[in-house]
Structure formats: structure tokens, C-alpha cells
Q: 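Before anything else, here's the structure in question.
Bear in mind that the values here come from a model prediction, so they are computed numbers and not experimental data. Basis for what follows: all heavy atoms, side chains included, without hydrogens, waters or symmetry-related copies. Starting from 1, each residue takes its place in the sequence as its number.
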Amino acid sequence: MQLFLTILHREELLDEVLSTLVELEAPDAVVVESRSGLELLERDLPIFAGLRSLVPSGIDFSSLVVCVIENDELAAEVLTAVSALGDGSHLEGEPSNTVLLVPVATVRHF
């Protein structure tokens with residue numbers, strides 16, 4: 001059993017990731033819109049405004065896609081398929097899209 005996580009910084013990839021999950025019959029995914037922690041610090045606590053130089057400019061979109069995949073072989077297929085979606089081209093200094101699998105020992109539904 002694996003926890004599938006994808007951090008996206010390109011909005012056009014969100015539909016592709018979700019479509020890939022549906023095509024491979026992975027369970028329902030949860031999408032969380034997110035922001036950089038440094039961006040929040042700068043906005044909410046002006047004392048950290050000097051950190052702005054550490055935050056990549058032009059990042060208008062960020063999402064986290066999460067789902068638990070019970071079949072390890074399916075999880076590996078999903079990882080490979082989603083990894084192939086990005087063309088690998090991102091500007092230096094900008095965050096890249098990230099996909100990972102984390103082993104899960106137990107899942108309980110309530």
C-alpha cells in the first residue's frame with residue numbers, strides 16, 4: 001500500500017494527473033490548493049519580508065494531489081505515468097513538479 005503525493009506548480013498538469021489516475025483506475029484523489037510557506041510568512045508576518053528573495057517569482061499555482069493506492073504494482077504504474085507527464089522544462093530557480101510514493105502500513109476508514 002502506498003501514499004501517492006504530487007506537488008504541482010503548473011496548472012495545466014493538474015487535469016493530466018487526475019486523468020491519469022482515472023485511466024489507471026487509482027482511487028479517488030484529493031486535491032489541495034497550496035502556497036509556499038515562505039510566501040505565507042512574507043504576507044502574514046512583514047518581519048519576514050526579507051525572505052522574498054528566496055521565494056521564486058511568478059509562481060501563481062500550486063497544488064497537492066494525494067491518494068492511497070492499495071496495490072503496489074498499480075502505484076508503481078501511476079508513479080511512472082505521472083512522472084512522464086512533465087517535459088522536464090522548468091526555469092532555473094523555480095520549483096519543479098514532484099511526485100512520490102510513501103509506504104503505508106495501515107489505513108482505517110471511519
Side-chain angles (χ1 to χ4, degrees):
M1 191 174 339
Q2 303 284 329
L3 177 64
F4 171 82
L5 299 163
T6 305
I7 303 166
L8 299 173
H9 297 288
R10 291 178 44 204
E11 188 169 8
E12 65 273 11
L13 288 178
L14 179 58
D15 288 339
E16 293 181 45
V17 168
L18 295 175
S19 295
T20 300
L21 289 170
V22 169
E23 287 172 19
L24 293 174
E25 299 179 11
D28 292 335
V30 173
V31 178
V32 180
E33 293 183 14
S34 57
R35 285 191 225 161
S36 159
L38 291 175
E39 180 185 339
L40 289 175
L41 276 176
E42 180 205 31
R43 189 193 74 201
D44 296 340
L45 300 170
I47 193 167
F48 292 104
L51 295 175
R52 185 63 184 154
S53 63
L54 300 175
V55 179
S57 60
I59 302 299
D60 298 331
F61 177 86
S62 187
S63 282
L64 173 66
V65 180
V66 181
C67 71
V68 175
I69 302 174
E70 293 188 19
N71 180 319
D72 287 346
E73 290 176 14
L74 175 60
E77 278 185 61
V78 169
L79 178 70
T80 300
V82 170
S83 298
L85 293 176
D87 58 8
S89 65
H90 64 278
L91 300 175
E92 187 174 331
E94 287 188 1
S96 58
N97 301 297
T98 306
V99 60
L100 56 130
L101 292 174
V102 179
V104 175
T106 304
V107 172
R108 294 193 178 153
H109 303 282
F110 60 97

Q: What pair of heavy atoms forms the shortest contact from Glu25 to Leu74, and how long is it?
A: O-CD2, 3.8 Å

Q: Please evaluate residues Asn97 and Val17 with respect to the criterion side-chain contact (heavy atoms from CB on, under 4.5 Å), reporting the C-alpha separation (whole Å), side-chain torsions for both, the decisive distance (0.1 Å), and the verdict.
A: CA-CA 11 Å; Asn97 301 297; Val17 168; over 6 Å; no

Q: Identify, with sequence neighbours excluded, every residue that meets side-chain contact (heavy atoms from CB on, under 4.5 Å) alongside Val99.
A: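 side-chain contact (heavy atoms from CB on, under 4.5 Å) check on Val99 returns Phe4, Thr6, Leu79, Val82, Ser83.
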
Q: Within a strict 4.5 Å, meaning less than it, do heavy atoms of the Ser62 and Glu33 side chains meet?
A: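 Contact flag for Ser62/Glu33 side chains = no.
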
Q: I need the minimum non-hydrogen distance between Val31 and Leu18, along with the two atoms involved.
A: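 Closest heavy-atom pair between Val31 and Leu18: CG2-CD2, 3.9 Å.
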
Q: On a heavy-atom basis, which atom in Ala29 and which in Cys67 lie closest, and how many Å separate them?
A: CA-CB, 3.8 Å

Q: So which heavy atom on Ile69 is nearest to which on Ala75, and how close?
A: CG2-N, 3.7 Å

Q: Which residue pairs pass the side chain to side chain donor-acceptor pair (under 3.5 Å) test when at least one of the two sits in residues 12-22, sequence neighbours left out?
A: Arg10-Glu12

Q: Could you measure the distance from the CG atom of Leu101 to the CG atom of Asp72? Nearest 0.5 Å is fine.
A: 8.5 Å

Q: Give me the other members of the hydrophobic cluster that Val32 sits in, counting Ile, Leu, Val, Met, Phe, Trp and Tyr linked by side-chain heavy atoms under 4.5 Å, directly or via other members.
A: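 Under the 4.5 Å side-chain rule, Val32 groups with Met1, Leu3, Leu5, Ile7, Val30, Leu64, Val66, Val68, Leu100, Val102, Val104, Val107.
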
